Amino acid sequence: MSETTGFFSKILERRIPQFLGIFLAGSWTALEFTQWAVGRYSLSPNWEEVLVVFLLLCLPLILVLAWHHGAPGKQEWRLFEKIFIPLYLLTIPVTLHQLYKNEDLGKTVDTVMMTDDSGNTQQRMIARKQYLKPIDIFPFENISSVESLDSVAIVTSEVLNRDLRQNIFYSLLDIGALEIALERAKFKGGRLPLTLQIDIAKRKSRQFFINGQLNYDNSSYHVAANLYNAKTGRLVKQFTTNNKNYFSAIDNLSEQINAHLNANNQDYTDLPIEDLYTNNWNAFLDYSKAYSIQLFGDEKAAADPLYRNALALDETFSQAAMRYANFLIRFKGIQTAQKYTELAQKHQSYRLTERERFQSTPVTTSFQKN
């Protein structure tokens with residue numbers, strides 16, 4: 001007991017707890033700063049791990065210094081310290097170099113120059129491929145008794161995709177990109193077999209995939225999004241939300257997914273997804289029915305009046321105009337689509353994201369040449 005008491009007395013006498021406290025406080029501050037710098041300057045997230053390893057490597061050095069020089073008064077430097085400390089200080093950078101020599105510690109983005117439809121050159125940031133998070137978003141399942149939400153559940157794949165794509169660190173595929181695979185599976189709505197989703201996600205070289213359920217109860221939309229590991233097929237996390245406004249529910253899901261995946265989303269404009277669609281719910285219902293029919297319906301022509309009605313209810317509905325233009329190109333020829341492409345462009349400054357506006361420019365240019 002006396003030996004134990006003597007040992008702890010020495011620890012207190014040499015103020016080791018105080019030194020450790022200062023070290024931990026400094027470490028926490030350094031980690032907070034590094035996390036801020038990683039996000040602010042688009043640095044590799046590996047820097048956070050490098051810092052943690054560096055601090056762990058420094059811990060034995062702090063303990064040695066505290067043990068030999070922590071007591072009040074002046075202590076002599078011993079031969080052990082004169083040899084150990086310089087050698088250990090050399091060991092730290094060597095160890096870090098060996099651990100991270102093959103890791104990319106540079107920036108997570110590249111700066112590119114792009115020309116908009118007015119001929120103006122703009123600087124844009126694009127994420128480097130190794131930092132993209134590849135995700136498939138499958139149609140959601142309507143588990144409510146409201147039949148009109150069948151198509152909304154399907155189109156939720158696109159809505160969530162557009163919301164998440166405002167963050168440049170995602171590589172996302174929704175129902176539009178998965179159309180052929182889903183058609184082959186005879187998808188018409190409802191629940192997709194999990195095995196099929198895993199198979200499609202693997203063939204598309206995805207890291208994750210998302211499916212979900214849409215319910216409507218007590219005047220609120222209840223939405224659940226399930227994030228799966230594409231390689232193992234295991235559920236990683238379920239995100240749930242409910243809101244009287246469908247679009248606000250999707251916004252909340254996106255926030256939860258961003259936080260969980262720790263997407264390196266330093267400075268980007270996160271617009272409310274409703275602003276990128278329409279404030280007219282009936283217009284959105286017609287749009288969701290039209291797009292669902294276009295992709296998975298047996299009678300494609302039935303989508304035509306629904307698209308037109310959606311745009312009659314809200315002329316500013318650029319996404320509907322773009323989808324309708326694509327529908328007309330596929331089924332009625334390119335010239336009939338020009339009017340609706342121009343309509344989409346007319347309101348693109350607030351109904352399409354910057355990323356989508358750049359993508360629509362080549363289509364408009366092709367019409368002008370014709």
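Just the heavy atoms: all of them, side chains too, but no hydrogens, waters or symmetry mates, feed the values below. Because the structure is predicted, anything quoted here is derived from the model rather than measured.
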Novice: Phe187 vs Phe296 aromatic rings, parallel, tilted or perpendicular, using cut-offs 30° and 60°?
Specialist: perpendicular

Novice: Taking atom types as modelled, is there a side-chain donor on Ser151 or Ser288 under 3.5 Å from an acceptor on the other?
Specialist: yes

Novice: So for atom NZ, which belongs to Lys231, do other residues, nucleotides or ligands contribute more than 12 heavy atoms lying within a distance under 6.0 Å?
Specialist: no

Novice: Write down the atom of Ala283, the atom of Ala310, and the distance for their closest heavy-atom approach.
Specialist: O-CB, 3.4 Å

Novice: Indicate the atoms forming the closest heavy-atom contact of Gly212 with Asn226, along with that distance.
Specialist: CA-ND2, 3.8 Å

Novice: For residues Trp28 and Trp47: do they belong to one hydrophobic cluster (side chain heavy atoms under 4.5 Å, members Ile, Leu, Val, Met, Phe, Trp, Tyr)?
Specialist: no

Novice: Given Tyr287, which partner from the list Leu306, Asn309, Val155 fulfils the side chain to side chain contact (heavy atoms under 4.5 Å, CB included) test?
Specialist: Val155

Novice: Are Leu160 and Ile200 joined in one hydrophobic group, where the rule is that I, L, V, M, F, W and Y side chains link up if heavy atoms are under 4.5 Å apart?
Specialist: yes

Novice: Where do Ala249 and Tyr221 come nearest, in terms of heavy atoms and distance?
Specialist: CB-O, 4.4 Å

Novice: Between the side chains of Tyr291 and Gln319, is a donor N or O closer than 3.5 angstrom to an acceptor N or O?
Specialist: no

Novice: Stepwise, does the side chain to side chain contact (heavy atoms under 4.5 Å, CB included) test hold for Leu276 with Leu352?
Specialist: CA-CA 6 Å; Leu276 299 178; Leu352 299 177; 5.9 Å; no

Novice: Look only at the side chain of Ser144 and the backbone of Asn215, and say whether a donor-acceptor pair between them is shorter than 3.5 Å.
Specialist: no

Novice: I'd like to know if the side chain of Asp136 pairs up with that of Gln197 as donor and acceptor (distance under 3.5 Å, no hydrogens or angles considered).
Specialist: no

Novice: Working to the nearest 0.5 Å, report the span between CG of Asn167 and CG of Leu172.
Specialist: 9.0 Å

Novice: With side chain to side chain contact (heavy atoms under 4.5 Å, CB included) as the criterion, how do Leu31 and Leu55 come out once you've worked through the C-alpha distance, each side chain's angles and the decisive distance to 0.1 Å?
Specialist: CA-CA 10 Å; Leu31 185 58; Leu55 292 171; 5.5 Å; no

Novice: Do Arg206 and Leu173 pass the side chain to side chain contact (heavy atoms under 4.5 Å, CB included) test, and can you show the C-alpha distance, the side-chain angles, and the key distance before you say yes or no?
Specialist: CA-CA 9 Å; Arg206 304 283 95 181; Leu173 299 179; 3.7 Å; yes

Novice: Is it true that His347 and Tyr350 share a donor-acceptor pair across their side chains at a distance under 3.5 Å?
Specialist: yes

Novice: Is atom CD of Glu147 surrounded by more than 12 heavy atoms (other residues, nucleotides or ligands) closer than 6.0 Å?
Specialist: no

Novice: If we ignore angles and hydrogens, is there a donor and acceptor under 3.5 Å between the side chains of Asn161 and Asp174?
Specialist: yes

Novice: How close do Ala185 and Leu196 get, counting heavy atoms only, and between which atoms?
Specialist: CB-CD2, 3.4 Å

Novice: Determine yes or no for a side-chain-to-main-chain donor-acceptor pair under 3.5 angstrom, with Lys300 supplying the side chain and Gly297 the backbone.
Specialist: yes

Novice: For the NZ atom on Lys188, are there more than 12 heavy atoms of other groups (residues, nucleotides or ligands in this structure) within a distance under 6.0 Å?
Specialist: yes

Novice: Less than 3.5 Å apart, any donor N or O on the side chain of Glu49 or Tyr100 sitting next to an acceptor on the other?
Specialist: yes

Novice: Under a plain distance cut-off of 3.5 Å, with no hydrogens placed, do Gln345 and Gln348 share a side-chain donor-acceptor pair?
Specialist: yes

Novice: Would you say that more than 12 heavy atoms from the other residues, nucleotides or ligands in this model lie under 6.0 Å from the CG of Leu90, or not?
Specialist: yes

Novice: Name the one of Lys339, Arg351, Lys346 that satisfies salt bridge (charged side-chain N to carboxylate O under 4.0 Å, His left out) with Glu315?
Specialist: Lys346

Novice: For the residue pair Pro60 and Leu57, what are the closest heavy atoms and their distance?
Specialist: CD-O, 3.2 Å

Novice: Could you tell me whether the side chains of Asn258 and Tyr170 share a donor-acceptor contact shorter than 3.5 Å?
Specialist: yes

Novice: Look at the side-chain heavy atoms of Ile, Leu, Val, Met, Phe, Trp and Tyr, link any pair under 4.5 Å apart, and say whether Leu313 and Tyr340 land in one connected group.
Specialist: no

Novice: Closer than 4.0 angstrom, basic N to acidic O: yes or no for Glu158 and Arg323?
Specialist: yes

Novice: Answer yes or no: does atom CD of Glu32 have more than 12 heavy-atom neighbours from other residues, nucleotides or ligands under 6.0 Å?
Specialist: yes

Novice: Are a donor atom and an acceptor atom from the side chains of Asp314 and Thr316 found within less than 3.5 Å of each other?
Specialist: yes

Novice: Cut-off 3.5 Å, side chains only: do Thr278 and Asn280 have a donor facing an acceptor?
Specialist: no

Novice: Taking the six-membered ring for Trp, is the centroid-to-centroid distance between Tyr216 and His222 below 6.0 Å?
Specialist: no

Novice: Answer with yes or no whether the hydrophobic clustering places Ile22 together with Val52; edges join I, L, V, M, F, W, Y residues whose side-chain heavy atoms lie under 4.5 Å apart.
Specialist: no

Novice: Fit a plane to each ring of Phe284 and Phe317, take the angle between them on a 0 to 90° scale, and name the class: parallel (under 30°), tilted (30 to 60°) or perpendicular (over 60°).
Specialist: parallel

Novice: Which word best sums up how the rings of Phe331 and Phe327 line up, parallel for under 30°, tilted for 30 to 60°, or perpendicular for over 60°?
Specialist: tilted

Novice: Please report the shortest heavy-atom distance between Tyr228 and Gly233, naming the atom on each side.
Specialist: CD2-O, 3.5 Å

